[in-house]
Amino acid sequence: MMPSILSLLLLLLPTGFFLFCSVPEVFAQNAAPDPTEEIAPVSDDPDKSHFEEHVAPFLRQYCWDCHTEDFAESGVKFDRFTNSSNIQEEVEFWEKVTRLIQQGQMPPADADQPSGEESIEILAALERELASYDCESEKHPGKVTLRRLNRPEYDNTIRDLTGLSLNLADSFPADDVGAGFDNIGDVLTIPPVLMEKYLAAAEAVAEAVMADENARQRVFPHVAENDDERVEVARRNADEFASRAFRRPVTAEESQRLFDLMRSAWENDYSVEEIQQAVITAILANPKFLFRAEGAGEQADGENVRHLDNYELASRLSYFLWSSMPDEELFELARRGELTNPVTMRTQALRMLKDPKSVALVDNFAGQWLQLRDLERLSPDPELFATFDASLRNAMKRETEIFFEKMIKDDRNVVEFLTADYTFVNRQLAEHYGIPGVDGSEFQQVALPQGRRGVLTHASILLLTSNPTRTSPVKRGKWVLDNILAEPPPPPPPDVPELEEGGDVLGTLREQMEQHRANPACAVCHVKMDAIGFGMENFDAIGAWRDRDGRFDIDASGVLPGGHEFKGADELMQILAEEQSDAFCRCLARKLLTYAIGRELESFDRCAVNEIVSELEQNNYRFSALVTAIVTSDPFLLSEVR
């Protein structure tokens, strides 16, 4: 009995051909920083006198009572700033402070309040501190930890490499999530069971390829004309497949290892088919297929920064927009050295957005940013919401996905996420919304009824932000702050119970929440959060319209910080679009940049984010402008050398 293909690899090369190199060696190329490593102290901001004269006195008078070492609410300590704002390291902190003062959330309503003139002066002083942030002092494009392919990337890459949709990653352990996404290098760990799954999957792909004539011709396209060409053609096929799988040309050493494998197998009387199967298995079990490593290359702008090479850029583009390997056009541009040209990068990004494979942005970016992946596990109370079933849940999810697809395909203004007066429904979802004249299971574009505007009034989002038995203004408001405005509130104080556990409360949900906010520690964070949540109270826990909650009339009015009054979700969305569009665009830019480069953003990334948002604004907020600004940004094109 002949040994298995995997056994063949181990027998022929006892050191484990399928590794080519040890996993620790690969990790060493892009190891994450040692968290125990001592961090050098950061020097104070050079403009100390301005901070001491204009900022520190305000902090001492209005902030220190609640935010010093002994009374540091929410962990915010202002007494650590006496001489300097330390703006280079604390820029995000001061941006948040500025925003809270500007919106009237700080100082809290029950504390001493600055005069109007004092508020104007402190905001001007803080803006000057923020303006002193030096984007040119030192380039910090960041560095992405070595990343393995996550589950969608693995399946898509196998599909594009072989032409077979095998979905083998369904059996892999779930990918860990960091910064909201499952493609973040720092959290993509390698449990032992995953290595076993990789080996089994490599064998399964090899068997499937050999059983499918089209796939086999795709993997081994060259055919020898005579016996004299057999060795040369076999080597050429192996090298080309390995180059596509590794997403860059194989080295001479890698080519020789592949040839040695084939020669040893031939000498041991294995058939051509078995040898080809062994080659596929070896390549797909190789860390250079399973991981996206970015090695050393040409340095630029100083000794600690380097340009990504053409093949690295091709992979960054393809895994950003397609969650898969580069296609032949990207490979050809990389071979010609043209991807380092920003014009080429923009052109390719626009081409790739038009490709059907850009649906990966919907599945993997929108699915995580808008948390659509979580819908499957939600089950509203069946007695209270008898119309809810699996098909309605699927329709809710599909509505938001099609909306995002439309955003990409038609290159829409991204502010329409907040203001769109149209959506996509089938008959069941149309009935759920009270929209007449829609028949069948196919989705069609319709005008939204009065009261609904934008994605935030999609049933998918409203369901995600509700409890099984009722709506949750707090969840809805917090979701908007987290995912739309990038203003996540701090966690609640540990001694404050949830609303359901808050004791004997009476009246409407709004009245109950007002009792909950009687605790001053809660009121500060809840002012904006609750106002947004109550603006969507006309929608029940599964997103259907209602005018009453039990025996109480719905009051969907509110006032946002700054005195902006609204009645209902449509007016709320308009205010968010008019007054918070910059915050939304900045949030979306940060989310998409994080997803694109596979690491959590740091304070030094604010310069790149500012440039991306500026380019977005200059191009009428078109989705394509957001993407092209990202793929030509320093964090996307450069890497720090550590």
Side-chain angles (χ1 to χ4, degrees), residues 1-20 23 148-173 190-224 230-231 233-247 250 254-255 257-291 323-325:
M1 180 176 178
M2 297 290 283
S4 70
I5 295 300
L6 184 56
S7 299
L8 166 66
L9 299 178
L10 296 171
L11 286 170
L12 294 178
L13 294 170
T15 57
F17 173 82
F18 58 90
L19 289 180
F20 278 85
V23 173
R148 65 168 171 80
L149 302 181
N150 65 18
R151 294 195 298 177
E153 291 170 343
Y154 183 94
D155 279 339
N156 291 344
T157 303
I158 292 295
R159 176 201 67 200
D160 293 341
L161 191 60
T162 67
L164 301 174
S165 295
L166 302 176
N167 298 320
L168 296 170
D170 288 349
S171 67
F172 295 176
I190 316 291
V193 66
L194 183 57
M195 291 305 301
E196 296 174 8
K197 295 287 187 180
Y198 279 151
L199 294 174
E203 284 193 293
V205 174
E207 291 173 1
V209 167
M210 300 311 295
D212 186 297
E213 188 60 31
N214 290 331
R216 186 172 175 181
Q217 290 179 1
R218 184 187 185 107
V219 172
F220 302 113
H222 306 294
V223 179
R230 291 178 64 184
V231 173
V233 168
R235 187 164 192 169
R236 181 181 176 189
N237 278 328
D239 285 353
E240 288 186 4
F241 181 66
S243 294
R244 292 179 63 231
F246 297 170
R247 301 170 287 276
V250 292
E254 291 162 347
S255 175
R257 284 177 177 267
L258 281 170
F259 180 70
D260 290 344
L261 168 69
M262 293 187 289
R263 182 176 56 191
S264 297
W266 184 258
E267 291 172 351
N268 281 272
D269 296 325
Y270 282 84
S271 67
V272 171
E273 291 76 13
E274 289 170 326
I275 294 171
Q276 289 177 335
Q277 192 170 337
V279 167
I280 295 171
T281 303
I283 290 170
L284 298 185
N286 190 306
K288 293 168 186 177
F289 167 72
L290 299 169
F291 294 85
S323 295
S324 187
M325 62 180 288

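Residues N156 and S323 bring no donor and acceptor atom of their side chains to less than 3.5 Å of each other.
Classification of R263 and D260 as a salt-bridged pair holds, one side-chain N sitting under 4.0 Å from a carboxylate O.
In this structure, F259 and V231 have side chains that are in contact, with non-hydrogen atoms separated by less than 4.5 Å. In this structure, L258 and R235 have side chains that are not in contact, with every pair of non-hydrogen atoms separated by 4.5 Å or more. V272 is listed as a side-chain neighbour of W266, based on a closest heavy-atom distance under 4.5 Å. No side-chain heavy atom of I158 sits under 4.5 Å from any side-chain heavy atom of L164.
Annotation for M195 and I190: closest pair SD-CG2, 3.6 Å, computed over non-hydrogen atoms. Between V250 and S243 the shortest heavy-atom distance is N-OG, 3.1 Å. Annotation for M262 and A238: closest pair CE-CB, 3.9 Å, computed over non-hydrogen atoms. For the pair A202 and A285, the tightest heavy-atom approach, listed with the atom from each and the gap, is CB-N, 4.0 Å.
Between the CG atom in L161 and the CZ atom in R244 there is a gap of 5.0 Å [rounded to 0.5 Å]. Going from atom OG1 of T281 over to atom CD of E274 covers 11.5 Å, rounded to the nearest 0.5 Å. One finds the NE2 atom of H222 at 5.5 Å from the CG atom of N237 (value rounded to the nearest 0.5 Å). Within the model, atoms OG of S171 and CD of E196 stand 11.5 Å from one another, a figure rounded to the nearest 0.5 Å. Interatomic distance, L290 CG to R148 CZ, rounded to the nearest 0.5 Å: 9.5 Å. Between atom CZ of residue F289 and atom CE of residue M325 there is a gap of 8.5 Å, rounded to the nearest 0.5 Å.
Checking side-chain atoms of D155 against main-chain N and O of A169 turns up a donor-acceptor pair under 3.5 Å. With hydrogens and angles disregarded, a donor-acceptor distance shorter than 3.5 Å links the side chain of R151 to the backbone of F172.
Under the 30°/60° scheme for interplanar angles, the aromatic rings of F241 and F220 are found to be tilted.
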List, one per line, each side-chain donor-acceptor pair under 3.5 Å for residues 205-216, sequence neighbours excluded.
from: D212; atom 1: OD1; to: N214; atom 2: N; distance (Å): 3.0
from: D212; atom 1: OD1; to: A215; atom 2: N; distance (Å): 2.9
from: E213; atom 1: OE2; to: Q217; atom 2: NE2; distance (Å): 3.3
from: R216; atom 1: NE; to: Q276; atom 2: OE1; distance (Å): 3.2
from: R216; atom 1: NH2; to: E273; atom 2: OE2; distance (Å): 3.4
from: R216; atom 1: NH2; to: Q276; atom 2: OE1; distance (Å): 3.0

